[in-house]
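What follows is a short report on a single structure.
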Amino acid sequence: MHMIQRSWKIGGIALLAYVFWTTFTVPLGPGLLELRNLERAAVVDGLDRKVAAYELIGLGTHWATRPEDLSVVLRKKENLTSLPVVEVIDDTHAVIGLAIPDTLPSRSWDVLINHPVDGTLFLQNGLFLNGVSVDETATWPALTLTEFPADLPHHFPFQPRIFETIRNLMLHVPMWFTMFLLMGIAFVASIRQLSQTSGGSSLFDLRAEASVQVGMVFGVLGLLTGSLWARYTWGAWWVDDPQLNGALVTVLVYAGYLILRGSVEDERLKARLSAVYNLFAFVILMILLMVLPRFTESLHPGKGGNPGFNSYDLDSSLRAVFYPAVLGWMLLGTWMYRIRLQATQLNQKLHRLNDQ
Amino acid sequence: MMLNTLFQANPIEGFFFGSGKSMVVGGVAVIIIVGLGLWMWRMEKRIQQLDESASQHTDSPNESAEA
């Protein structure tokens with residue numbers, strides 16, 4: 001029995017060690033940053049006229065390896081056209097020639113590249129052309145594009161704007177999952193507290209208190225880390241997002257729970273009042289963090305009508321670290337809750353002894 | 001998958017510092033470690049206090065017995 005109690009703690013520590021190691025050592029996959037106009041002409045083999053030169057910039061790409069196999073394609077719906085590669089400067093820079101017809105089906109184009117090492121990379125609306133006439137019925141010759149994955153070892157997916165901060169998924173998001181678990185423990189404890197007869201013990205009340213106290217630690221850490229991440233991804237410490245506002249309100253509601261407990265002297269009244277409050281607090285948590293963000297537009301991935309992390313938000317390379325991270329942080333949270341509960345129980349026992 | 005992730009070599013250039021946003025990840029990790037560290041330090045102090053109070057209680061019956 002003692003071994004079982006110890007093994008889940010050791011398991012939690014091992015999972016968190018794995019999570020920290022992989023979070024900081026697994027590399028970020030390649031991606032496209034920009035296609036910018038060099039404001040000069042370029043000569044392309046096989047073309048009898050000069051074309052506009054554009055510089056394609058990548059991050060973590062390997063274009064200098066087999067540069068002859070780099071291919072660049074513009075795409076708008078079914079319209080695809082191949083662009084000639086004028087020169088591969090280095091792994092992350094290449095000059096592309098762009099021969100623009102007078103009439104195009106659109107001004108805005110997605111840029112795709114195919115490379116044997118980097119696979120198929122995609123830059124949404126990577127090219128915007130001014131000074132061309134648009135005819136939506138105009139079509140370009142059909143081209144077949146075969147997409148293939150990168151020939152690289154395990155790496156985190158490249159996402160525009162997020163870049164390296166995708167690693168925060170293993171640190172920031174599990175804070176909230178752990179808080180949900182602890183507030184869930186408090187919710188169950190409060191129900192059991194209320195279902196007791198009036199002469200029952202206060203064990204469930206202490207459990208609810210301890211788990212809310214530890215849950216608040218994770219909630220505050222979730223707010224702080226989320227705010228820092230938002231500053232560098234969305235450009236502000238706090239944005240008017242239903243998920244962010246809901247998280248703040250939830251933490252304040254649970255702060256109210258702790259204030260309520262501190263303001264009632266009578267132990268039995270305190271236990272019943274705070275248990276009732278806790279039931280409402282948990283319902284508010286579910287509504288504000290799990291329900292409302294899915295009905296409104298949100299900057300958070302997995303929100304705005306999306307019921308969970310889908311293949312775009314969370315690919316298999318992230319899952320291999322994210323799920324152990326959630327489990328590891330939850331085990332740590334449960335361990336902290338047990339320590340807190342034991343300290344509270346000991347404190348109560350000493351108070352009783354003092355009173356005697 | 002987890003073992004593959006753990007033991008792989010790392011050949012991608014510009015690793016971690018490539019986009020200039022790696023400090024955000026470091027900052028987030030520091031906030032969590034400092035936050036949990038503060039909690040543990042407070043709990044350590046609290047448990048120490050409780051321990052002292054408990055030992056005072058266990059000492060006093062002995063003193064009365066000796067008397």
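Below, chain A is the first sequence line, B the second, and so on; all start at residue 1. Just so we're clear, the structure is a prediction, and the values are computed from it rather than from any experiment.
Contact annotation for residues 214-223 of chain A against chain B (heavy-atom separation below 4.5 Å, listed by residue number): Val214(A), Val217(A), Phe218(A), Leu221(A).
At a 4.5 Å heavy-atom cutoff, the contact between Ile32(B) and chain A is made by backbone and side-chain atoms alike.
Annotation: maximal heavy-atom pairing with chain B below 4.5 Å, among Met175(A), Met170(A), His172(A), occurs at Met175(A). Contact count against chain B (heavy-atom pairs under 4.5 Å) is highest for Asn168(A) among Asn168(A), Val117(A), Thr92(A), Leu171(A).
Taking OG from Ser53(B) and NZ from Lys349(A), the interatomic distance works out to 14.0 Å, rounded to the nearest 0.5 Å.
For the pair Tyr232(A) and Val28(B), the minimum side-chain heavy-atom distance is 4.5 Å or more. Under the 4.5 Å side-chain criterion, counting only non-hydrogen atoms from C-beta, Trp329(A) is in contact with Leu36(B).
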Identify all side-chain donor-acceptor contacts of residues 332-347 of chain A below 3.5 Å with residues at least two apart in sequence or on another chain.
from: Thr334(A); atom 1: OG1; to: Met330(A); atom 2: O; distance (Å): 2.7
from: Arg340(A); atom 1: NE; to: Gln213(A); atom 2: OE1; distance (Å): 2.8
from: Arg340(A); atom 1: NH2; to: Gln213(A); atom 2: OE1; distance (Å): 3.4
from: Thr344(A); atom 1: OG1; to: Arg340(A); atom 2: O; distance (Å): 2.6

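The minimum heavy-atom distance linking Gly27(B) with Leu228(A) is given by the pair C-CD2, 3.6 Å.
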